[in-house]
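Note on naming: letters A, B, ... go to the chains in the order of the sequence lines (proteins, then strands), and numbering restarts at 1 for each one.
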Amino acid sequence: MNTSKNPIRVRFAPSPTGYLHVGGARTALYNYLFAKANGGTFYLRVEDTDRKRFNEDALRDLFRDLRWLGLDWDEGAEQGGELGPYYQSERLNIYAEEVKRLLEDDKAYHCFCSEERLAEVRAAQEKSGQAVTGYDRHCRNISLSEAQQRLENGEKSVVRLKVPLDGTTVFHDQIRGEIVYQNTVLDDLVILKRDKFPTYHLASVVDDYYMQTSHVMRGDEWISSTPKHVLLYDALGWEAPIFCHLPVILAAGGGKLSKRHGAASVGDFRDLGYLPETLVNFLALLGWNPGDEREVMSKEELIECFSIDRISPTSAAFDEKKLLWMNGQHIRLSDDSLLLEKLKEDLPEIVPEESLEGVSNAKLLHIVQVLKSRINFLNDLAPMAAYFFVAPQEYDEKAAKRAFREGSLEVSELIINALEELDSFETEVVEGAFKKVCETHNRKLGQLVHPIRVAVSGTGVGPGLFELLSLVGQKEVIARIKKAQPLMQ
RNA sequence: GCCCCCAUCGUCUAGUGGCCUAGGACUCAGGAUUUUCAUUCCUGCAACAGGGGUUCGAGUCCCCUUGGGGGUACCA
């Protein structure tokens, strides 16, 4: 089938009813990558045809999250474009026009059935154990003129599509191949609701046509609606776009990914300290691969090699362990200046203001550099850097127990003496002092290093000790060692 | 109930009939480097859901079973 429709125009079409789920984010990402990879257009359309569920905050968050991920749209909401409006609620006249045409062409009809009757029909079908085939087409033969008469008399109706009573509807899914439906299992779907708003089915078909959508890439929960859409395109006399149904993203256990099981939305992961680069990279690889063994990739690299052919039809579990690893990778790749900004932003929340006075950029940058390989989250940076500015209030129990042992008091005394004599506190100088103590007093470096590390930083983990000491500064280092001496034996 | 989709290590995946004694990544376990931790590097554990076909040959094609998921709305 045609894979090279030109020009490429794809969309992300969320309904503003909730937060941006990672599954939705991946759908948006694949559309974005596909557009960018082919010099096409990526547009954003807001599917707000359900007035009961519309949520202003959700919409605002959606835009924010998409932009945070770097998935800027070329046309659409808040952006404008030739083929708008991009809010379905502003396109009611367009849908009304098409519905009128369908009615006149005898491709659709007014249905006056009450919700109660519909419920009864459904209940009877379920009870019978037979196939539940939906609406029983009770109003299918009401003529347009009769319907108009009844409407004038004040009756309310919905409009339904006249689905063929037999035959099959076939479409080609770009990542799954041919999919066939017997028309007998399809019912006469509602296309215009009682409130005169279109249903999703009508609105998306009409919009995808007028907005010249070349490919519809959406979640695979839409597969079973697709034959209805194909029938709608037929009835309207339009050629359908190419369909690509994306597999779902599952939770680690295999079930549905939801906030109940932890993070599920883009906002959740941002709050946790994940980088947008990480999420983009990770999501891209959940159901797609570049065809070689690359894994850590930038958005630009993804664009460069993205193709629909390499999307897998299999649903995938969201493995947060790998996401964590990947975040570490992207942190290591990211610019020091970005980490520096983050550190400056977070530090005041952890460290008293006066401890930060007069601290140079160079020092902060140095701290960033020694911590960079030790963090997996941006949010870990400041807490891990705190002891460079304030003395530890307590000592990690395990580390202290291991480090403060027999002889450490004596060792600390030797170190204090050696450090007090230094004129410079550069890393190499400090290291030299330690080595000299080792030699003259016949000690192993490890015997000196561990108690001093815990005394100065309060923890057993961290950057190279000499670098650490240099960063903390001579006077403060000596003071901290003295403060810890009572705990040593 | 009916319809549709899916099925390779625990997880993400490569694999489009012979190159597969199934490759990579995460995790996990060892090891190297290092003053600690982390990074980095090396090694190892670990999979074609089951059964039938087709074929000289099947992870790869077909069918069935099983398992998972979705749909069956005047929600998207």
If we take the [atom1] atom in both [N] and [M], what is their distance in whole Å?
{"N": "G23(B)", "M": "U60(B)", "atom1": "C1'", "result": "15 Å"}
{"N": "C61(B)", "M": "C3(B)", "atom1": "P", "result": "24 Å"}
{"N": "A22(B)", "M": "G69(B)", "atom1": "P", "result": "31 Å"}
{"N": "G59(B)", "M": "G51(B)", "atom1": "C1'", "result": "16 Å"}
{"N": "A58(B)", "M": "G53(B)", "atom1": "P", "result": "12 Å"}
{"N": "G18(B)", "M": "U39(B)", "atom1": "P", "result": "40 Å"}
{"N": "A38(B)", "M": "A29(B)", "atom1": "P", "result": "11 Å"}
{"N": "U16(B)", "M": "C75(B)", "atom1": "C1'", "result": "39 Å"}

### Task
Using modelled atom types only, decide if a donor and an acceptor are shared between the side chain of K372(A) and the backbone of S334(A) within a distance under 3.5 Å.
yes
### Message
So, under a plain 3.5 Å distance rule, would you say the side chain of S15(A) forms a donor-acceptor pair with the base of A76(B)?
### Response
no
### Query
Checking only heavy atoms, does the side chain of R176(A) share a donor-acceptor pair with the base of C5(B) at less than 3.5 Å?
no
### Query
If each of A252(A) and D187(A) is mapped to the nucleotide of RNA chain B with the nearest heavy atom, which maps nearer the 5' terminus, i.e. the 5' end?
A252(A)
### Summary
Comparing I175(A) with R160(A), nearest RNA chain B nucleotide closer to 5' gives the residue I175(A)
#### Entry: Sequence-distant partners of Q369(A), side chain to side chain donor-acceptor pair (under 3.5 Å), two or more places apart
D336(A)
### Message
Could you work out, with side chain to side chain donor-acceptor pair (under 3.5 Å) as the rule, every residue matching D234(A), not counting sequence neighbours?
### Response
none
Report the distance from atom [atom1] of [X] to atom [atom2] of [N], rounded to the nearest whole Å.
{"X": "N289(A)", "N": "U16(B)", "atom1": "CG", "atom2": "P", "answer": "12 Å"}
{"X": "L381(A)", "N": "U39(B)", "atom1": "CG", "atom2": "P", "answer": "16 Å"}
{"X": "L189(A)", "N": "C74(B)", "atom1": "CG", "atom2": "P", "answer": "9 Å"}
{"X": "F171(A)", "N": "C3(B)", "atom1": "CZ", "atom2": "P", "answer": "16 Å"}
{"X": "L192(A)", "N": "C74(B)", "atom1": "CG", "atom2": "P", "answer": "13 Å"}
{"X": "L285(A)", "N": "U11(B)", "atom1": "CG", "atom2": "C1'", "answer": "13 Å"}
{"X": "K372(A)", "N": "C37(B)", "atom1": "NZ", "atom2": "C1'", "answer": "18 Å"}
{"X": "R117(A)", "N": "C74(B)", "atom1": "CZ", "atom2": "P", "answer": "13 Å"}

Which is true for [X] with a 4.0 Å heavy-atom rule: it touches a base, it touches only sugar-phosphate, or it touches nothing?
{"X": "P463(A)", "value": "base"}
{"X": "R443(A)", "value": "nothing"}
{"X": "L118(A)", "value": "base"}
{"X": "C438(A)", "value": "nothing"}
{"X": "G462(A)", "value": "base"}
{"X": "Q329(A)", "value": "sugar-phosphate"}
{"X": "G291(A)", "value": "nothing"}
{"X": "V158(A)", "value": "base"}
{"X": "S204(A)", "value": "nothing"}

### Query
Any chance the rings of H229(A) and Y200(A) have centres within less than 6.0 Å?
yes
### Task
Measure from the ring center of F377(A) to the ring center of Y274(A) and say whether it is less than 6.0 Å.
yes
#### Entry: Where at least one partner belongs to residues 108-117 of chain A, residue pairs that pass side-chain hydrogen bond (donor to acceptor under 3.5 Å, both in side chains), sequence neighbours excluded
Y109(A)-D188(A), H110(A)-S157(A), S114(A)-E116(A), R117(A)-D136(A)
Any [X] side-chain N or O less than 4.0 Å from OP1/OP2 of [N]:
{"X": "K193(A)", "N": "A76(B)", "result": "yes"}
{"X": "R310(A)", "N": "G15(B)", "result": "yes"}
{"X": "T17(A)", "N": "C75(B)", "result": "no"}

Choose from [options] the nucleotide whose nearest atom is closest to any side-chain atom of [X].
{"X": "R122(A)", "options": "A73(B), U36(B), C6(B)", "answer": "A73(B)"}
{"X": "S373(A)", "options": "C12(B), U35(B), A38(B)", "answer": "A38(B)"}
{"X": "R332(A)", "options": "U13(B), A7(B), U39(B)", "answer": "U39(B)"}

#### Entry: R53(A) and D48(A), any side-chain heavy atoms less than 4.5 Å apart
no
Validation: residues 317-325 of chain A side-chain donor-acceptor distances under 3.5 Å, sequence neighbours left out:
unit_1	atom_1	unit_2	atom_2	d
D319(A)	OD1	K321(A)	N	3.1
K322(A)	NZ	E295(A)	OE1	3.3
K322(A)	NZ	E295(A)	OE2	3.4

### Summary
Protein heavy-atom contacts under 4.0 Å, written 5' to 3' over nucleotides 21-31 of chain B as B (base), S (sugar-phosphate only) or - (none), form the string --SBBBS----
### Task
Working to the nearest 0.5 Å, report the span between CG of L20(A) and CG of D65(A).
5.5 Å
## Note on the structure
Interatomic distance, CG@L275(A) vs NZ@K342(A), rounded to 0.5 Å, equals 10.0 Å
Between protein and nucleic acid, restricted to nucleotides 67-71 of chain B and to nitrogen or oxygen atoms under 3.5 Å apart, what atom pairs and distances do you find?
unit_1	atom_1	unit_2	atom_2	d
G71(B)	O4'	S224(A)	OG	3.2
G71(B)	O2'	S224(A)	OG	3.0

### Query
Do the rings of Y30(A) and F306(A) sit parallel, tilted or perpendicular, given the 30° and 60° boundaries?
tilted
### Message
For C56(B), give the paired nucleotide (Watson-Crick: N1-N3 plus N6-O4 or O6-N4; G-U: N1-O2 and O6-N3; both under 3.5 Å), or none.
### Response
G18(B)
### Summary
Using Watson-Crick geometry (N1-N3 plus N6-O4 or O6-N4) or G-U wobble (N1-O2, O6-N3), each under 3.5 Å, C2(B) is paired with G71(B)
### Query
Is the charged tip of R45(A) near the ring of F12(A): under 6.0 Å from the six-membered ring centre and within 45° of its axis?
no
### Task
Taking the six-membered ring of Y135(A) (Phe, Tyr or Trp), confirm whether the NZ or CZ of R160(A) is under 6.0 Å from its centre and within 45° of its axis.
yes
